[in-house]
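So that we are looking at the same thing, I have put the structure below in structure tokens.
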Amino acid sequence: GQQLNQSPQSMFIQEGEDVSMNCTSSSIFNTWLWYKQDPGEGPVLLIALYKAGELTSNGRLTAQFGITRKDSFLNISASIPSDVGIYFCAGRPNTDKLIFGTGTRLQVFP
Amino acid sequence: ETGVTQSPTHLIKTRGQQVTLRCSSQSGHNTVSWYQQALGQGPQFIFQYYREEENGRGNFPPRFSGLQFPNYSSELNVNALELDDSALYLCASSRLTSGGSTDTQYFGPGTRLTVL
């Protein structure tokens, strides 16, 4: 099935460092979403973006909806151990489905 | 906690069997979407239900079917199970308005299906 290109595939960082990940698509989306998934759990919504160019923050997280509507990025500032997990971007082309990225696995070392 | 619940949490079946997975949507939501997540992959859209009817379908064969009930809860049925059906099955609820716009989808914890 279709999946968005998400990079990097994995990151190993030290506590306190900033993190940046991005997602690209060959198609235009009306909505971009970022989710975090812990092992054995469902994805948890972090940030939702609804307009091209939109920049939205949620605590230490900041995400942007690309102007071309084909990309988005997520930044995490001052990482902490509980940031560990898999981060997925998801684009919504219409009302019925989300198309997910391949995921970025984040590991934070103390 | 999203308020979306799924049962069972784990299930083991053998090839050729049939399985039914259940999902209760978040209060105030009228739409349920189902996703399949293979190990190491992102979730893949199976289908969505709104007003008890299928409202969009991904690239899955007809042996994947579903139901939505008047209380907006939903079932996913898979017939003639294959080994590749082993995955985490996620449901997500959202609110679709009559104007066609929809709020964000919130996911349940998933059902881990293993096919032997």
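In what follows, chains carry the letters A, B, and so on, assigned in the order in which the sequence lines appear, proteins first and then strands, with residues in each chain numbered from 1.
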Point to revise | Centroid-centroid distance, A:F100 to B:F45, less than 6.0 Å | key: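 No; B:F45 has its ring centre 6.0 Å or more from that of A:F100.
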Check your understanding: Regarding A:T62 and A:S57, is there a side-chain donor-to-acceptor distance under 3.5 Å anywhere?
Key ->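 Looking only at side-chain atoms, A:S57 and A:T62 do form a donor-acceptor pair, the distance falling under 3.5 Å.
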Review point. Can any side-chain N or O of B:Q68 pair as donor or acceptor with the backbone N or O of B:R51 at less than 3.5 Å?
Key: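 Side chain of B:Q68 to backbone of B:R51, a donor-acceptor pair under 3.5 Å: yes, one is there.
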Review point. Looking at A:G103, A:A48, A:G101, A:P43, which has the largest count of heavy-atom pairs under 4.5 Å with chain B?
Key: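 It is A:P43.
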Exercise for review: Indicate, with yes or no, if the rings of B:F107 and A:Y35 have centres closer together than 6.0 Å.
Suggested key: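 Between B:F107 and A:Y35, the centre distance is under 6.0 Å.
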Point to revise | Salt-bridge criterion met for A:D18 and A:R60 (N-O under 4.0 Å) | key: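 Result for this pair is no, no salt bridge flagged.
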Check your understanding: Where does B:Q36 contact chain A at under 4.5 Å (heavy atoms): side chain, backbone, both or neither?
Key ->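 Answer is neither: B:Q36 stays 4.5 Å or more from chain A.
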Review point. With only heavy atoms counted, which part of A:Q37 is less than 4.5 Å from chain B, the side chain, the backbone, both or neither?
Key: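 Looking at A:Q37, just its side chain touches chain B.
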**Study point:** Options B:C91, B:G56, B:G110, B:G42, ranked by heavy-atom pairs under 4.5 Å with chain A, top entry
**Key:**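 Looking at each of B:C91, B:G56, B:G110, B:G42 in turn, B:G42 comes out on top.
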Practice item. Give, as side chain, backbone, both or neither, the part of A:L98 having an atom under 4.5 angstrom from any heavy atom of chain B. Key: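 Backbone plus side chain of A:L98, per the 4.5 Å heavy-atom cut-off to chain B.
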Point to revise | Contact class of B:Y35 relative to chain A, heavy atoms under 4.5 angstrom | key: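 Contact with chain A involves the side chain of B:Y35 alone.
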